[in-house]
Amino acid sequence: MDTATPPRPAAGPTGTGPTAGSGDRHGRAAGVALMLGSALSSQSGAAIGALAFPVVGPVGVVAVRQWVAGVVMLAVGRPRLRAFTRREWWPVLGLAGVFATMNVALYSAIERIGLGLAVTLEFLGPLGVALVGARLAAPPGPRRRATLACAALAGAGVVLLTRPQPSTDYVGTALGLLAALCWAGYILLNRTIGQRLPGVQGSAAAGAVSGLVYLPIGVAVLVAHPPTPAALACAVAAGLLASVVPFLSDLLALRRVPAHSFGIFMSASPVLAAVIGAVVLGQALGALDWLAIGLIVTANSVAVLVTPAVAPHDRRAPAGP
C-alpha cells in the first residue's frame, strides 16, 4: 500500500486562493478522522467481543473474528494466490501464524487482566520495533540518547503496569507480552511482504489463511459451547469493528497522512482501550495504571518522532485482522 501523501492540487492563477493546498488540508483532515474512527472501532470491537467470553470464550470470539476478517480481506485485496512463488508464500504464511497467535493471545489477556492493560502491553511490540529502528539508524548523539530515554520510560511503564504482587495475574501479563511480540513480528513480516507483493495482496492472503486455520478450531469450540444469538452477534461485531473497519480505514488513512503521524496517533490506542474498557466492561483502572499507560504512550510518541523515515515500500501494510 502506498502511504505517501497525495500531491497538492495545482494552485490558481496567482498561486493563492482557495485551491492552493486546500485539497491537501482536506485530505489530512479526512486522514485524521479515519485514524480516529479506526482506533475507536478497534477498541470498541474488542470490548464488544469480550462480552461473549462467558459463552464461547476468547478462542470462539477470535475464530469468528478471523472468519469475518478473512472473507472481507479476500474481497478487498483479491490476492492472486496461484501466482505466488515460494519466496512470497513463506512470509505470508508467517504473517497468517502471527495473526492467529496475536489475536488469541490478546483476547485471552483481555479476559484475565482487562482491555486497557492488555492493549497497553500489546503496544510494546510496535514500540520495541520503533526503538530498535531508531537505535540502529541513529549515530551517537541526541537522537540515540532520546532512544535510550524512550526505552527507560517504557520500562518504567511496564514495571508500574505489572507491579509484581501476590494478586498479579502473571499468565495474563505473559499473554499480553506474547501479543506484543506478535505485533512486532507483524510489522517486520509486513515489511517483507510489501517488498515482494503489490498492494495488500500479501496481507489479504495471510488473513484468509488465518481464517482457514481457525475453521476447525472455531467449529470445535462452538459445538462444545453453543453460542447464544447475542454472543454470536458480539463475536461478529468484533470481526467487523476490530478487523474490517480498521483494515479499510487504515488503508485509506495512510494515503492521506505521513507514516510518522500515523504512528504517533496510534499511541492513543491504549488510552482509548482503557476508557472503553471502563465504560463498556466496567474495568476501572487505578492512578498508577494510568501513569503507566501515559509513560508507555509518551515513549512510543517520542520513539516515532526520532525514528528516521523509511522507504515507501516499508510502510505498505495497514493494520491486520
Side-chain angles (χ1 to χ4, degrees), residues 1-6 22-52 61-62 64-66 68-77 99 102-103 106-107 110 115-116 118-120 122-123 125-127 179 183 186-187 190 199-200 203-204 207 233-281 283 293 297 300-301 304 315-321:
M1 179 179 97
D2 184 9
T3 62
T5 316
S22 60
D24 185 65
R25 288 194 297 272
H26 292 156
R28 287 176 181 267
V32 170
L34 286 165
M35 289 188 294
L36 178 60
S38 172
L40 286 172
S41 180
S42 180
Q43 304 311 326
S44 298
I48 293 172
L51 296 176
V61 173
V62 170
V64 175
R65 171 178 167 167
Q66 295 304 103
V68 172
V71 170
V72 173
M73 292 180 76
L74 270 181
V76 173
F99 281 159
M102 177 169 63
N103 287 324
L106 175 63
Y107 276 51
I110 290 172
L115 180 63
V119 170
T120 303
E122 184 197 31
F123 213 72
L127 172 60
W183 198 352
Y186 160 79
I187 294 170
N190 254 320
V200 294
S203 295
C234 287
V236 171
L240 293 172
L241 294 175
S243 293
V244 175
V245 173
F247 175 75
L248 297 175
S249 298
D250 294 347
L251 186 68
L252 296 173
L254 280 167
R255 298 186 182 192
R256 292 168 169 80
V257 297
H260 73 277
S261 298
F262 184 86
I264 294 172
F265 196 89
M266 282 178 62
S267 300
S269 291
V271 177
L272 290 172
V275 172
I276 291 173
V279 172
V280 178
L281 303 175
Q283 299 170 345
I293 290 172
V297 167
N300 183 77
S301 300
V304 171
R315 304 192 302 255
R316 289 182 181 174

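The first residue of the sequence shown is numbered 1, and numbering continues consecutively from there. Just so you know, these numbers use all the heavy atoms, side chains as well, and skip hydrogens, waters and symmetry mates. Only a predicted model underlies this, so the values are computations on that prediction, with no experimental measurement involved.
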Checklist outcome for this item: Hits for side chain to side chain contact (heavy atoms under 4.5 Å, CB included) against Ser44, two or more places apart or cross-chain, chain-then-number order -> Ile276
Item to check | Partners meeting side chain to side chain contact (heavy atoms under 4.5 Å, CB included) with Ala273 (sequence neighbours left out) | outcome: Gln43, Leu115, Val119
Item to check | Candidate pair Asn190 and Ser203, rule side chain to side chain contact (heavy atoms under 4.5 Å, CB included), full reasoning | outcome: CA-CA 7 Å; Asn190 254 320; Ser203 295; 3.0 Å; yes
Next on the checklist: For a quick test of reading the model, state the closest non-hydrogen atom pair linking Asn103 to Val62 and the distance between them.
Outcome noted: O-CG2, 3.6 Å
Checklist entry - What heavy-atom pair brings Gly207 and Phe99 nearest, and what distance separates the two atoms? => result N-CE1, 3.7 Å
Next on the checklist: Going by side chain to side chain contact (heavy atoms under 4.5 Å, CB included), name the residues that satisfy it together with Val244, two or more places apart in sequence or in a different chain.
Outcome noted: Val68, Val72, Leu240, Leu248
Next on the checklist: If you apply the rule side chain to side chain contact (heavy atoms under 4.5 Å, CB included), what do you find for Leu281 with Leu51, and how did you get there?
Outcome noted: CA-CA 8 Å; Leu281 303 175; Leu51 296 176; 3.6 Å; yes
Checklist entry - For the atom pair CD (Glu122) and CG (Leu127), what is the distance rounded to the nearest 0.5 Å? => result 12.5 Å
Item to check | Straight-line distance of Leu36 CG to Ser249 OG, nearest 0.5 Å | outcome: 10.0 Å
Checklist entry - Minimum heavy-atom separation for Ala46 to Ile110, with atom names? => result CB-CD1, 4.2 Å
Checklist outcome for this item: Correct closest heavy-atom pair for Gly45 and Ala238 would be O-CB, 3.5 Å
Checklist outcome for this item: So OG of Ser41 and CD1 of Ile48: to nearest 0.5 Å the spacing works out to 8.5 Å
Next on the checklist: Closer than 3.5 angstrom, by distance alone: can the side chain of Ser38 be matched with the main-chain N or O of Leu34 as a donor-acceptor pair?
Outcome noted: no
